[in-house]
Amino acid sequence: MEKTLSEQEEIRRSALQEMINLGFYPYPSETFETNAFAINVKSEFAKDDTKYQKVSMAGRLMSKRVMGKASFAELMDSTGRIQIYVSRDIICPDENKDLYNKVFKKLLDIGDFIGIEGHAFTTKVGEISIHVSSLKVLCKSLRPLPVVKTDEEGNIHDGFTDPEQRYRQRYVDLVVNPHVKQTFLQRTKLVNTIRTFLNDREYTEVETPILQPIYGGAAARPFKTHHNTLDMTLYLRIANELYLKKLIVGGFEGVFEFAKDFRNEGMSRFHNPEFTQVELYVAYKDYIWMMELVEEMLEKVAMDLHGTTKVMVGENEIDFQRPYKRYTMFEAIEEFTGEDISELDEAGLREVAKKLDIHIEASAGKGKIIDEIFGEKCEKLLIQPTYITDYPVEMSPLAKKHRDKEGLVERFELICNGKEIANAYTELNDPIDQRKRFEDQMELGARGDDEAMVIDEDFLKAIEYGMPPTSGLGIGIDRLAMIMTNSNSIQDVLFFPQMRPENPQ
RNA sequence: GAUUCGGUAGCUCAGCUGGUAGAGCAUCUCCCUUUUAAGGAGAGGGUCCUGAGUUCGAACCUCAGCCGAGUCACCA
């Protein structure tokens, strides 16, 4: 059933019809040539008022102040807003004043797109504006935009702030809340910086399957779908790790992919069902080497985005200048709790957890308990970028055993602002050990762990042909974007975060 | 999942102890040729999230539900 139109929607539809009747069809086909952007006019005309004497600009009408035979309005293009001055007898030099009296004054609404020609000038009050000599309607808007106004002190009136509305109608959010666009431009820049950084090192950007017959490379519950012709179950990838390693087997020495991954798990301000990771695999390297690469890369990201390595995130100033502090997991726990757990068995660990008032599931093994202690007592306190290294083997079935520490693997996570933003290891390339690790995961799965990995015979086959020693990395782009743009929620760095349907049946 | 707060005009919000639904902006009509949260005069606009209950009477109280936000938990 079609929704009944609001009064304002009815009025805009009849305005549209009236424009057509007057001979101003407001959805023209032909190119409207522009030669200037708002931001440039405003900055450059201030320095040289002989410039911009013949401009052609286009954008959305964002406000209109009519004073009889003359009017001021604001035009917003992709770079910002600029005031325009429209005078009746300039845009309507002949007898017929319809374009001003009817189209501009009455039928044109906030949100409509127009194209103008004219010249830059400065008003009596000193605002750089465009004196319009001709005006063309480029698109009639049929729904009213929220009218957000900013007063002299910079206070925002009638702001479009309801998060639900902002996320559901991001296009409106982008139109009326300029900082939103800035956040997304920064995100794009962040991705570009990383891509350039990796390209400069001559690693190869690749694409691997999103629809996978067997999901792997992470501990997570997948989305399941079905292919009709093959009549088979497929999963949306939870990670692309195993495919990228197969490319290393195939002879690439450095590959990376910006990958949308999908995890069928809870949602929160740090979790969206689909999210972006960049994964990188480089042959003949180890995790120590990778720490240096990540430091260099993040320092560059901060510099490119902010011109400094220091980034404000909430109350904290985070400094991405390398090198970053490094703790082994045991050192971090000892530092923050005073407990040396490096020599403890499972019973001993449980005792420590109890002493620290951390609830541990009865089914949890040694690795899980250590991870819980770290998660509860250390992670949230690590604000500055910090490497945590050498994780329990049970938590990391794809990482190589530590070269000299029993029970651990060569792995690091980078913690920043109390959250993990990167994860890396010296990749496990011993196929015998890898098969055993998968089998251990199968056992966990049989015991009811629905995030346990499943055995991937094709991956095992691949590494049985031989995978050179390799270092692998995953960086959560969304979480890094949150930090780099000082955003409190993942929804603020995703154009279209997942939402419940608006009208449930 | 737990818990707190919220859902009233296109937007932002007010609405007292239960008694005819309010403001600003936006919209409509009129005036105004350098305004800028333009201004002046007038007007229209509501499923008070949904459903049930209590009551003479519910935006307001009760119960159930839907949706959202914050915090916590889960989640590499």
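Residue numbering restarts at 1 for every chain, and letters A, B, ... go by the order of the sequence lines.
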Would you classify [X] as touching base, sugar-phosphate or nothing, given that sugar-phosphate means primed atoms plus P, OP1 and OP2, and contacts are heavy atoms under 4.0 Å?
{"X": "A:Lys149", "value": "sugar-phosphate"}
{"X": "A:Gln491", "value": "sugar-phosphate"}
{"X": "A:Lys106", "value": "sugar-phosphate"}
{"X": "A:Tyr425", "value": "base"}
{"X": "A:Arg221", "value": "nothing"}
{"X": "A:Phe275", "value": "nothing"}
{"X": "A:Glu74", "value": "nothing"}
{"X": "A:Glu420", "value": "sugar-phosphate"}
{"X": "A:Lys380", "value": "sugar-phosphate"}
{"X": "A:Arg166", "value": "nothing"}
{"X": "A:Thr150", "value": "sugar-phosphate"}
{"X": "A:Asp89", "value": "base"}

[atom1] gap between [N] and [M], integer Å:
{"N": "B:U8", "M": "B:C60", "atom1": "C1'", "value": "11 Å"}
{"N": "B:C13", "M": "B:A21", "atom1": "C1'", "value": "14 Å"}
{"N": "B:G45", "M": "B:G40", "atom1": "C1'", "value": "22 Å"}
{"N": "B:G6", "M": "B:A59", "atom1": "C1'", "value": "14 Å"}
{"N": "B:U4", "M": "B:C48", "atom1": "P", "value": "27 Å"}
{"N": "B:A38", "M": "B:G24", "atom1": "C1'", "value": "15 Å"}
{"N": "B:U62", "M": "B:U47", "atom1": "P", "value": "25 Å"}
{"N": "B:A14", "M": "B:G46", "atom1": "C1'", "value": "15 Å"}

Please name the nucleotide paired to [N] by Watson-Crick or G-U wobble geometry with both distances under 3.5 Å, or report none.
{"N": "B:A76", "value": "none"}
{"N": "B:C48", "value": "none"}
{"N": "B:U54", "value": "none"}
{"N": "B:G18", "value": "none"}
{"N": "B:G6", "value": "B:C67"}
{"N": "B:U34", "value": "none"}
{"N": "B:C11", "value": "B:G24"}

Which residues pass the side-chain hydrogen bond (donor to acceptor under 3.5 Å, both in side chains) test with [X], not counting sequence neighbours?
{"X": "A:Lys51", "answer": "A:Glu44"}
{"X": "A:Asp162", "answer": "none"}
{"X": "A:His119", "answer": "none"}
{"X": "A:Ser129", "answer": "A:Gln83"}

Length of the line joining [X]:[atom1] and [N]:[atom2], which is rounded to integer Å:
{"X": "A:Ile490", "N": "B:A76", "atom1": "CD1", "atom2": "P", "result": "15 Å"}
{"X": "A:Leu142", "N": "B:U27", "atom1": "CG", "atom2": "P", "result": "15 Å"}
{"X": "A:Asp109", "N": "B:C25", "atom1": "CG", "atom2": "P", "result": "18 Å"}
{"X": "A:Ile358", "N": "B:C74", "atom1": "CD1", "atom2": "P", "result": "11 Å"}

Under 3.5 Å, is there a donor-acceptor pair linking the side chains of [X] and [Y]?
{"X": "A:Tyr425", "Y": "A:Asp286", "result": "no"}
{"X": "A:Asp390", "Y": "A:Tyr287", "result": "yes"}
{"X": "A:Asp261", "Y": "A:Gln277", "result": "yes"}

Please enumerate all residues that pass ring pair (Phe, Tyr, Trp, His ring centres under 6.0 Å) together with [X], with sequence neighbours excluded.
{"X": "A:Phe262", "result": "none"}
{"X": "A:Tyr387", "result": "A:Tyr324, A:Phe412"}
{"X": "A:Phe72", "result": "A:Tyr85"}

State whether the distance check finds a donor on one side and an acceptor on the other, under 3.5 Å, for side chain [X] versus base [N].
{"X": "A:Gln83", "N": "B:U35", "answer": "yes"}
{"X": "A:Arg263", "N": "B:A76", "answer": "no"}
{"X": "A:Tyr85", "N": "B:U35", "answer": "no"}

To the side chain of [X], which of [options] is closest?
{"X": "A:Ser268", "options": "B:A73, B:U35, B:A37", "answer": "B:A73"}
{"X": "A:Ile11", "options": "B:C28, B:A69, B:A76", "answer": "B:C28"}
{"X": "A:Pro163", "options": "B:C67, B:U71, B:A69", "answer": "B:A69"}
{"X": "A:Ser129", "options": "B:U33, B:U27, B:U35", "answer": "B:U35"}
{"X": "A:Asn423", "options": "B:A76, B:U35, B:A37", "answer": "B:A76"}

| Is any side-chain N or O of A:Arg269 closer than 4.0 Å to OP1 or OP2 of B:A69? |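 So the side-chain polar atoms of A:Arg269 never come under 4.0 Å of the phosphate oxygens OP1 or OP2 of B:A69.
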
| task | Report the residue from A:Lys246, A:Glu279, A:Glu257 that forms a side-chain hydrogen bond (donor to acceptor under 3.5 Å, both in side chains) with A:Thr208. | result |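 Answer to the side-chain hydrogen bond (donor to acceptor under 3.5 Å, both in side chains) test with A:Thr208 among A:Lys246, A:Glu279, A:Glu257: A:Glu257.
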
| field | Residues in contact with RNA chain B, drawn from residues 65-73 of chain A - heavy-atom cutoff 4.0 Å | value |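 RNA chain B contact set from residues 65-73 of chain A: A:Arg65, A:Val66, A:Met67, A:Gly68, A:Lys69, A:Ala70, A:Phe72.
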
Quick test: give all pairs of protein nitrogen or oxygen and nucleotides 8-12 of chain B nitrogen or oxygen below 3.5 Å, distance rounded to 0.1 Å.
| residue | atom | partner | partner atom | Å |
| --- | --- | --- | --- | --- |
| B:G10 | N9 | A:Gln8 | NE2 | 3.4 |
| B:C11 | O2' | A:Asp158 | O | 3.3 |

| Just how far is it from atom CZ of A:Phe160 to atom CG of A:Asp173, taken to the nearest 0.5 Å? |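 Reported value, rounded in 0.5 Å steps: 6.0 Å.
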
| Should the pair A:Glu427-A:Lys245 be classified as a salt bridge under the 4.0 Å nitrogen-to-oxygen rule? |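 Result for this pair is yes, salt bridge flagged.
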
